[in-house]
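A, B, ... follow the sequence lines: proteins, then strands. Residue 1 opens every chain.
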Amino acid sequence: MSELTENAFMEKIVSLCKRRGFIFQSSEIYGGINGFWDFGPLGAELRKNIRDCWWNDMVRSRDDVVGLESAIIMHPKVWEASGHVAGFNDPMVDCKVSKQRFRADQLFFAAVIVDGKAAGYVSALESEKTAEELQEKAETFKRKKALAGKLEPVQARDFTQAKPDEIPLIPSPATGEAGSLTAPRAFNMMLQTWVGALRDESSIAYLRPETAQGMFVDFKAVVDTGRVKIPFGVAQIGKSFRNEITPRNFIFRSREFEQMEMEYFISDEDDWAKWHRYWIDWCRNWLVSVGIPAAKLSEYNHPREKLSHYSKGTTDIMFQFPFGAQELWGIAARGNYDLSQHAKFSGVAMEYFDDAARRRFVPHVVEPAVGVDRIMLAILCSAYAEDEAPDEKGKMESRVVLRFAPRIAPVKAAIFPLLKNKPELVAKAKEVRDLLRPHLNVFYDEAGAIGRRYRRQDEIGTPFGVTVDFDTLGEKGDELRDTVTVRDRDTMKQERMKISKLLEFLLSKIH
RNA sequence: GCGGGCGUAGUUCAAUGGUAGAACGGCAGCCUUCCAAGCUGCACACGAGGGUUCGAUUCCCUUCGCCCGCUCCA
């Protein structure tokens with residue numbers, strides 16, 4: 001696809017999601033708020049299905065994974081231990097001309113002083129020889145300006161020490177020209193609030209930027225009570241918050257999002273790479289099981305030099321979004337960094353005692369982390385299709401259809417009376433609805449021509465349409481009495497079956 | 001956060017310095033024996049705030065939001 005059609009494709013997804021009640025801009029009546037989304041009736045169903053599938057497959061179907069729901073707001077020290085507080089408080093400086101951004105404490109500058117008078121400023125980024133670089137730049141500066149006199153040795157300072165009246169005079173390391181640098185600003189990606197009656201430094205708390213820390217902080221509690229044996233995992237689904245500078249690409253990057261994370265604890269002597277691979281494969285298979293085509297998935301291994309010092313390896317499962325291949329699921333081997341950090345900060349030993357080996361150790365961890373929102377978007381992008389369907393007169397017309405995997409579809413089956421002005425059809429159709437409703441999310445619709453009703457369901461991805469017609473009532477004899485037609489969303493083919501077989505049939509297709 | 005583009009019914013679009021139309025969609029009714037049929041009726045919009053003006057959806061400013069490109073993504 002060309003760039004234009006990729007963008008057009010996204011716009012179709014966005015407007016379908018709005019039109020059919022999957023996704024709304026948050027607070028729309030007040031003009032909206034950037035980076036937050038609401039999920040309408042069908043969106044809420046779709047997300048519930050995503051969460052339920054994950055939870056069933058990740059937790060309930062396994063002997064070695066247990067669930068957890070930790071609080072969104074935790075003790076502020078959690079985020080000091082995890083590194084989020086320090087990592088988020090770096091003051092940053094923007095160059096308005098080059099659009100580059102620098103950490104203020106890594107951007108150095110010095111006044112050029114000739115014969116005791118300040119002639120201007122030079123700047124350089126932190127390196128092994130920042131001082132020499134500044135000295136050389138000062139000499140070049142003096143030569144270019146043809147200044148006579150004695151150049152004093154430069155005194156390097158970092159940008160956090162720049163006085164407000166100096167900032168406009170300091171050249172950008174990117175352009176060499178002064179006047180384009182902003183004052184240092186702190187970019188703290190954590191949303192914060194105050195807990196309790198007082199609003200001061202001591203009452204600051206953060207909305208979690210990831211759910212993972214809950215599993216680490218509660219590690220001992222789970223081990224002591226959960227009857228778990230290494231290797232084992234702790235899984236959690238929940239909202240997380242990051243004050244993203246640029247939320248973009250619909251729900252791909254937002255400020256409030258929902259994560260599904262699992263920390264798989266293994267022995268420090270176990271082969272982490274084996275488990276890393278195991279979970280990458282598990283995640284890929286799971287994605288395929290919810291209807292994401294394997295052909296749109298790829299893997300990206302983070303290069304060693306870019307990994308955090310504690311990380312042994314991180315692999316992202318990438319999905320080919322309309323706006324490019326982007327991270328969908330990150331599988332990180334985090335060593336024992338997190339547990340060790342919490343042991344250090346809390347003073348509580350984060351160890352596991354291996355009864356068989358009579359040995360105590362800090363487990364290592366492999367973490368598959370994914371967002372409900374990104375999976376939802378990947379599913380929507382994978383499912384969207386336009387094909388041809390015949391109209392009443394047999395003429396081909398284009399049809400919009402969401403080809404959701406049945407297990408993920410918000411509505412599993414729609415129930416229709418062929419005509420709504422025939423009370424017998426309506427009554428029978430409602431009977432069928434009531435038969436299925438305790439087991440499946442079904443939708444009853446009698447408004448409009450039957451073809452229109454099929455199309456409406458196509459657009460929201462309902463895999464099956466069940467129609468009650470005159471044959472159901474026995475118009476053509478007992479052979480067909482109490483049979484209905486079941487129409488397949490993708491093939492548009494119909495199959496007639498006994499109402500008594502209907503539930504069994506649908507369940508077999510859906511699970 | 002920076003630069004560019006854009007904000008009109010649910011959606012996709014039109015028109016206009018004198019307070020807005022269409023198509024599709026929605027709802028109700030009639031009709032209709034399987035793929036968006038037809039007829040009738042109904043509801044629904046100028047993102048927000050300020051300014052200029054006798055009068056602003058239209059011009060200007062601000063703001064919010066969306067899209068694109070940078071940046072960011074620990």
Side-chain angles (χ1 to χ4, degrees), chain A residues 3-4 6-8 10-12 14-21 24-36 40 79 82-90 92-103 180 182 185 187-190 209-210 242-250 252-255 306-308 311 316 323 326-327 330 388-401 416-422 425 447-459 465-473 475-476 484-489 491-494 496:
Chain A
E3 257 174 55
L4 191 75
E6 280 164 1
N7 191 30
M10 266 318 285
E11 281 173 11
K12 283 182 173 183
V14 171
S15 88
L16 172 63
C17 285
K18 175 76 191 294
R19 194 167 71 239
R20 291 304 191 185
F24 307 132
Q25 170 80 56
S26 173
S27 313
E28 202 176 17
I29 63 168
Y30 290 104
I33 176 166
N34 191 2
F36 298 89
W79 308 110
S82 69
H84 287 83
V85 170
F88 280 176
N89 276 329
D90 302 327
M92 304 296 284
V93 175
D94 285 326
C95 169
K96 288 184 282 195
V97 172
S98 69
K99 311 302 179 199
Q100 287 193 54
R101 175 168 289 168
F102 312 99
R103 272 178 60 167
S180 67
T182 64
R185 285 173 294 195
F187 285 90
N188 193 323
M189 293 266 284
M190 280 194 291
E210 62 175 34
R242 296 181 195 180
N243 198 6
E244 295 285 354
I245 295 167
T246 313
R248 199 58 78 86
N249 290 327
F250 202 26
F252 180 80
R253 174 175 294 122
S254 45
R255 291 181 168 134
K306 282 205 167 183
L307 291 175
S308 323
S311 178
D316 290 340
F323 43 85
Q326 298 282 341
E327 177 191 346
E388 302 259 294
D391 71 6
E392 205 184 23
K393 299 172 189 88
K395 202 179 100 212
M396 297 307 275
E397 289 196 335
S398 81
R399 161 181 94 132
V400 172
V401 54
F416 313 121
L418 184 57
L419 301 172
K420 89 165 160 177
N421 59 356
K422 297 287 183 288
L425 289 176
I450 188 72
R452 172 188 295 270
R453 283 177 271 162
Y454 285 143
R455 296 296 176 85
R456 276 201 281 248
Q457 295 302 318
D458 289 341
E459 221 182 34
V466 176
T467 302
V468 170
D469 60 12
F470 292 96
D471 294 350
T472 313
L473 303 176
E475 196 170 78
K476 283 190 186 152
V484 288
T485 62
V486 178
R487 181 249 197 196
D488 182 283
R489 175 195 66 204
T491 63
M492 289 182 277
K493 294 264 166 51
Q494 286 176 310
R496 186 168 279 278

How far, in whole Å, is [M] from [N] if one measures between their [atom1] atoms?
N: B:rA15; M: B:rU8; atom1: C1'; answer: 10 Å
N: B:rA28; M: B:rC44; atom1: C1'; answer: 15 Å
N: B:rA23; M: B:rG41; atom1: P; answer: 13 Å
N: B:rU58; M: B:rG47; atom1: P; answer: 8 Å
N: B:rA9; M: B:rG26; atom1: C1'; answer: 11 Å
N: B:rC54; M: B:rG17; atom1: C1'; answer: 12 Å
N: B:rC64; M: B:rA48; atom1: P; answer: 15 Å
N: B:rC6; M: B:rA14; atom1: P; answer: 13 Å

If you look at every strand shown and take non-hydrogen atoms under 4.0 Å, does [X] touch a base, only sugar-phosphate, or nothing?
X: A:Glu475; answer: base
X: A:Glu327; answer: nothing
X: A:Arg487; answer: base
X: A:Ser15; answer: sugar-phosphate
X: A:Phe250; answer: sugar-phosphate
X: A:Ile33; answer: sugar-phosphate

Length of the line joining [X]:[atom1] and [N]:[atom2], which is rounded to integer Å:
X: A:Glu28; N: B:rG65; atom1: CD; atom2: C1'; result: 9 Å
X: A:Arg248; N: B:rC72; atom1: CZ; atom2: P; result: 13 Å
X: A:Tyr30; N: B:rG49; atom1: OH; atom2: P; result: 12 Å
X: A:Glu397; N: B:rC24; atom1: CD; atom2: P; result: 12 Å
X: A:Phe323; N: B:rG69; atom1: CZ; atom2: C1'; result: 16 Å
X: A:Gln25; N: B:rG7; atom1: CD; atom2: P; result: 17 Å
X: A:Asn421; N: B:rC39; atom1: CG; atom2: C1'; result: 15 Å
X: A:Arg456; N: B:rC34; atom1: CZ; atom2: C1'; result: 15 Å

Exercise for the section: Give me the one residue out of A:Arg20, A:Arg487, A:Arg489 that meets salt bridge (Lys or Arg N to Asp or Glu O under 4.0 Å) with A:Asp458. Expected result: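 Going through A:Arg20, A:Arg487, A:Arg489 one by one, the salt bridge (Lys or Arg N to Asp or Glu O under 4.0 Å) with A:Asp458 is satisfied by A:Arg487 alone.
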Counting only side-chain nitrogens and oxygens, does [X] get under 4.0 Å of the OP1 or OP2 atom of [N]?
X: A:Asn7; N: B:rC68; result: yes
X: A:Arg452; N: B:rG26; result: yes
X: A:Lys420; N: B:rG29; result: yes
X: A:Lys18; N: B:rU11; result: yes

Measuring from the side chain of [X] (C-beta onward, heavy atoms only), which nucleotide among [options] has the closest atom?
X: A:Arg455; options: B:rC66, B:rC35, B:rU12; answer: B:rC35
X: A:Arg19; options: B:rG65, B:rG10, B:rC34; answer: B:rG10
X: A:Gln494; options: B:rC70, B:rC35, B:rU33; answer: B:rC35
X: A:Asn34; options: B:rG65, B:rA36, B:rU33; answer: B:rG65
X: A:Arg20; options: B:rA36, B:rU32, B:rC72; answer: B:rA36
X: A:Tyr454; options: B:rC34, B:rU33, B:rA36; answer: B:rC34
X: A:Arg496; options: B:rC34, B:rC68, B:rG65; answer: B:rC34

Counting only Watson-Crick or G-U wobble pairs whose two distances fall under 3.5 Å, which nucleotide matches [N]?
N: B:rG17; result: none
N: B:rC34; result: none
N: B:rG7; result: B:rC64
N: B:rG55; result: none
N: B:rU12; result: B:rA22
N: B:rC27; result: B:rG41
N: B:rC2; result: B:rG69

Lys/Arg-Asp/Glu bridge criterion (N-O < 4.0 Å) met for [X], [Y]:
X: A:Arg496; Y: A:Asp469; value: yes
X: A:Arg399; Y: A:Glu388; value: no
X: A:Glu28; Y: A:Lys18; value: yes
X: A:Lys493; Y: A:Asp488; value: no

Fill in the blank from the handout: Scanning both residues in full, the closest heavy-atom pair of A:Ala389 with A:Arg455 reads CB-NH2, 3.2 Å
Handout entry: A:Ser27 to A:Ile33 - nearest heavy-atom pair and separation
Key = OG-CG2, 3.7 Å
Handout entry: Residue met sooner reading RNA chain B from 5', once A:Val14 and A:Arg399 are mapped to nucleotides
Key =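 It is A:Arg399, whose closest nucleotide lies nearer the 5' terminus.
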Practice task
Select from A:Asp458 and A:Ser82 the residue whose nearest nucleotide in RNA chain B is closer to the 5' end of that strand.
Solution key: A:Asp458
Problem - Derivation and outcome, side chain to side chain contact (heavy atoms under 4.5 Å, CB included), residues A:Gln457 and A:Phe416 - result: CA-CA 11 Å; A:Gln457 295 302 318; A:Phe416 313 121; 3.8 Å; yes
Handout entry: Ring centroid separation A:Phe252 to A:Phe323 under 6.0 Å
Key = yes
